[in-house]
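Structure record follows, encoded as structure tokens.
Side-chain atoms are counted along with the backbone in the values below, which use heavy atoms only and exclude waters and symmetry mates.
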Amino acid sequence: MTTLRQFEYLVTVVDTGSFTRAAEQLYVTQPALSHQIRALETALGGPLLERLPRTVRPTPLGRAVLPHARAALAETERLHAAARRASGLEDGELEIGTVYSISLGILPPVLRAWRREHPGVRIRLREYPHGERLREAMAAGAADLAVGPAPDGWDGPIRELGVEEFTLVLPADDPLAATPGGAVPLTALADRAWVHYAPGNGLADVLDRACAAAGFHPVAAIRAEQTSAAPLLAAAGLGPALVPATIVPPHTDGVLLRPDPPVRRTLTAYTRTRPDRLTTAFTDLLATHARTDRRA
């Protein structure tokens, strides 16, 4: 029995002229690709491709099959396009509420993937400094979907996205930078002045709670108004910072260490009522693409 996936494999091998390049483009291993081509050849009764020293070309049977394979793939795409239009995924606007750190570290790759799949749907992003402000705004109808820390006492649908990891940022020349295993007890930083967050920023609460659990209250050397500034200020030597691992710049000058015990928070997507198809589609994409544990 032939499948659309096998047709896609055949067309891609012919278009690229290479099993290796086709496997890379399809994000499969070359043995898996070859296996599916052989299965298709068995189903159709003969070889479809001829391997040459520098390329791959279709056999006479392959040339006969190829137009039908292309037509089947094109018809499937038209079917999906019609379904997207019928379900409201071709155009419209989706309002998303979130907190600053998530709009910095988690949403960008999700929004990029969404734009590729649904270029006609506009996204309006509303950002809040604190999870509780996000919850209040969502309850008041400010957005279709909220993406943020798990809300207390929420009556509507909630979908868990994962657990966000926090990391400590220190300058490269800090005495603790070479700590074996890369894990540092927060008590080792109890006498430091910290890169803290402005009052009202939810990350200020995260830092205060983590330090309180370790038996001390963090003294602020500086308070960052912009969440993205915290890892930069810490790397510059103004004090240690506790930040979501996802917001650390890829080529930071600082050193990333694990707080001991770990500092984490659960992230969710939530709505007031049962979500419509557009909101559900974005939530599904979010659950697939959101990286809550990525370290820079």
According to a hydrophobic-cluster definition based on side-chain heavy atoms being under 4.5 Å apart (Ile, Leu, Val, Met, Phe, Trp, Tyr only), do [X] and [Y] belong together?
{"X": "Tyr100", "Y": "Ile123", "answer": "no"}
{"X": "Leu33", "Y": "Leu10", "answer": "yes"}
{"X": "Val99", "Y": "Leu111", "answer": "yes"}
{"X": "Leu94", "Y": "Tyr128", "answer": "yes"}
{"X": "Leu233", "Y": "Leu189", "answer": "no"}

Rounded distance [0.5 Å steps], [atom1] in [X] versus [atom2] in [Y]:
{"X": "His217", "Y": "Leu207", "atom1": "NE2", "atom2": "CG", "result": "8.5 Å"}
{"X": "Asn201", "Y": "Thr227", "atom1": "CG", "atom2": "OG1", "result": "4.0 Å"}
{"X": "Tyr9", "Y": "Gln25", "atom1": "OH", "atom2": "CD", "result": "12.0 Å"}
{"X": "Leu242", "Y": "Thr167", "atom1": "CG", "atom2": "OG1", "result": "8.0 Å"}
{"X": "Arg209", "Y": "Arg265", "atom1": "CZ", "atom2": "CZ", "result": "9.0 Å"}
{"X": "Phe282", "Y": "Leu285", "atom1": "CZ", "atom2": "CG", "result": "6.5 Å"}

Intermediate values then yes/no, side chain to side chain contact (heavy atoms under 4.5 Å, CB included), Arg272 and Trp154: CA-CA 9 Å; Arg272 290 180 301 280; Trp154 187 255; 4.0 Å; yes
Compute whether any side-chain donor of one residue and acceptor of the other, for [X] and [Y], lie under 3.5 angstrom apart.
{"X": "Thr20", "Y": "Gln30", "answer": "yes"}
{"X": "Ser103", "Y": "Glu127", "answer": "yes"}
{"X": "Asp276", "Y": "Thr279", "answer": "yes"}
{"X": "Asp208", "Y": "His196", "answer": "yes"}

Working for side chain to side chain contact (heavy atoms under 4.5 Å, CB included), residues Tyr197 and Ile222: CA-CA 8 Å; Tyr197 299 92; Ile222 187 172; over 6 Å; no
Between [Y] and [X], does any NZ, NE, NH1 or NH2 come within less than 4.0 Å of an OD or OE carboxylate oxygen?
{"X": "Arg5", "Y": "Glu8", "value": "yes"}
{"X": "Asp144", "Y": "Arg124", "value": "no"}
{"X": "Glu136", "Y": "Arg133", "value": "yes"}
{"X": "Arg21", "Y": "Asp15", "value": "no"}

Stepwise side chain to side chain contact (heavy atoms under 4.5 Å, CB included) check, Arg192 with Leu170: CA-CA 11 Å; Arg192 303 285 190 93; Leu170 295 172; 4.3 Å; yes
Side chain to side chain, Asp205 and His130, heavy atoms closer than 4.5 Å: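 Yes. Closest side-chain heavy atoms under 4.5 Å.
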How close do [X] and [Y] get, heavy atom to heavy atom, and via which atoms?
{"X": "Ala269", "Y": "Thr283", "value": "CB-CG2, 4.1 Å"}
{"X": "Pro171", "Y": "Ala234", "value": "CD-O, 3.4 Å"}
{"X": "Pro218", "Y": "Cys211", "value": "CD-CB, 3.5 Å"}
{"X": "Pro244", "Y": "Ser101", "value": "CG-CB, 4.0 Å"}

CG (Asp191) with more than 12 external heavy atoms under 6.0 Å: yes
Greater than 12 external heavy atoms within 6.0 Å of Glu93's CD: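 Buried by this count: over 12 neighbours within 6.0 Å.
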Got a donor-acceptor contact below 3.5 angstrom from the [X] side chain to the [Y] backbone?
{"X": "Arg264", "Y": "Glu165", "value": "no"}
{"X": "Thr179", "Y": "Leu176", "value": "yes"}
{"X": "Thr42", "Y": "Arg38", "value": "yes"}
{"X": "Arg159", "Y": "Thr268", "value": "no"}
{"X": "Arg126", "Y": "Glu95", "value": "no"}
{"X": "Thr271", "Y": "Arg274", "value": "no"}
{"X": "Glu77", "Y": "Ala74", "value": "no"}
{"X": "His118", "Y": "Gly120", "value": "no"}
{"X": "Thr12", "Y": "Ala22", "value": "no"}

For residues 44-56, dump all side-chain donor-acceptor pairs below 3.5 Å to protein atoms at least two apart in sequence or in another chain.
| from | atom 1 | to | atom 2 | distance (Å) |
| --- | --- | --- | --- | --- |
| Glu50 | OE1 | Arg57 | NE | 3.1 |
| Glu50 | OE1 | Arg57 | NH2 | 3.4 |
| Thr55 | OG1 | Gly17 | O | 3.4 |

Trace of the side chain to side chain contact (heavy atoms under 4.5 Å, CB included) decision for Val14 with Leu66: CA-CA 9 Å; Val14 172; Leu66 201 57; 3.7 Å; yes
